[in-house]
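Below you'll find the structure, written out as structure tokens, and then a few comments.
Below, each value reflects all heavy atoms present in this structure, side chains not excepted, and no hydrogens, waters or symmetry copies. For the single chain, residues carry numbers from 1 onward in sequence order.
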Amino acid sequence: PSKSKFFAFSSSIWIANRILVYYSFLLFGVISTVLVVTLSPVFMYVLDYLIIGERIPKRSIFATAVISACVVVALLV
């Protein structure tokens, strides 16, 4: 029973995510939506550090910075 409840919960979260992403395509356009969705792991790193004080390895910070820069350049150029 607990696995089915977790599956239902995670499925409903995924469905809500898809609805919000498609709705944001309508409101903000493709470029802004893809930029926010792609950079969401960066937001998670920052929030993890600020809220729970999680230590982030320098290697992960560097990789995230490189990927983020590539995404921003690709979308805005």
Side-chain angles (χ1 to χ4, degrees):
S2 64
K3 283 186 178 183
S4 62
K5 287 181 183 179
F6 177 74
F7 180 73
F9 177 72
S10 62
S11 298
S12 62
I13 295 293
W14 184 84
I15 291 169
N17 179 30
R18 293 288 93 196
I19 290 170
L20 291 173
V21 167
Y22 294 139
Y23 187 64
S24 68
F25 281 138
L26 292 173
L27 289 179
F28 303 112
V30 174
I31 292 175
S32 297
T33 302
V34 170
L35 185 64
V36 169
V37 168
T38 306
L39 294 179
S40 61
V42 176
F43 301 138
M44 293 306 297
Y45 276 142
V46 171
L47 290 175
D48 283 347
Y49 178 75
L50 293 176
I51 294 173
I52 61 176
E54 182 175 337
R55 294 190 50 105
I56 303 167
K58 290 180 182 179
R59 181 177 173 182
S60 294
I61 293 171
F62 179 73
T64 302
V66 169
I67 292 170
S68 300
C70 291
V71 167
V72 170
V73 168
L75 288 174
L76 299 179
V77 172

### Query
Shared ILVMFWY cluster between Val46 and Met44, side chains joined below 4.5 angstrom?
no

### Message
Grouping I, L, V, M, F, W and Y whenever their side-chain heavy atoms are under 4.5 Å apart, do Val42 and Val72 come out in a common cluster?
### Response
yes

Can I get a per-line list of side-chain donor-acceptor pairs under 3.5 Å for residues 22-39, giving both atom names and the distance, sequence neighbours left out?
residue : atom : partner : partner atom : Å
Ser24   : OG   : Leu20   : O            : 3.3
Ser24   : OG   : Val21   : O            : 2.7
Ser24   : OG   : Thr33   : OG1          : 3.4
Thr33   : OG1  : Ser24   : O            : 3.2
Thr33   : OG1  : Gly29   : O            : 2.8
Thr38   : OG1  : Val34   : O            : 2.6

Could you pull out all donor-acceptor pairs under 3.5 Å where a side-chain atom in residues 6-18 meets a protein atom, sequence neighbours excluded?
residue : atom : partner : partner atom : Å
Ser10   : OG   : Phe6    : O            : 3.1
Ser10   : OG   : Phe7    : O            : 3.1
Ser11   : OG   : Phe7    : O            : 2.7
Ser12   : OG   : Ala8    : O            : 3.2
Ser12   : OG   : Phe9    : O            : 2.7

Run the side-chain donor-acceptor check on residues 58-65: report pairs under 3.5 Å with partners two or more places apart or on a different chain.
residue : atom : partner : partner atom : Å
Thr64   : OG1  : Ser60   : O            : 2.7

### Message
Taking Tyr45 as the starting point, is it possible to reach Ile52 by hopping between hydrophobic residues whose side chains are less than 4.5 Å apart?
### Response
no

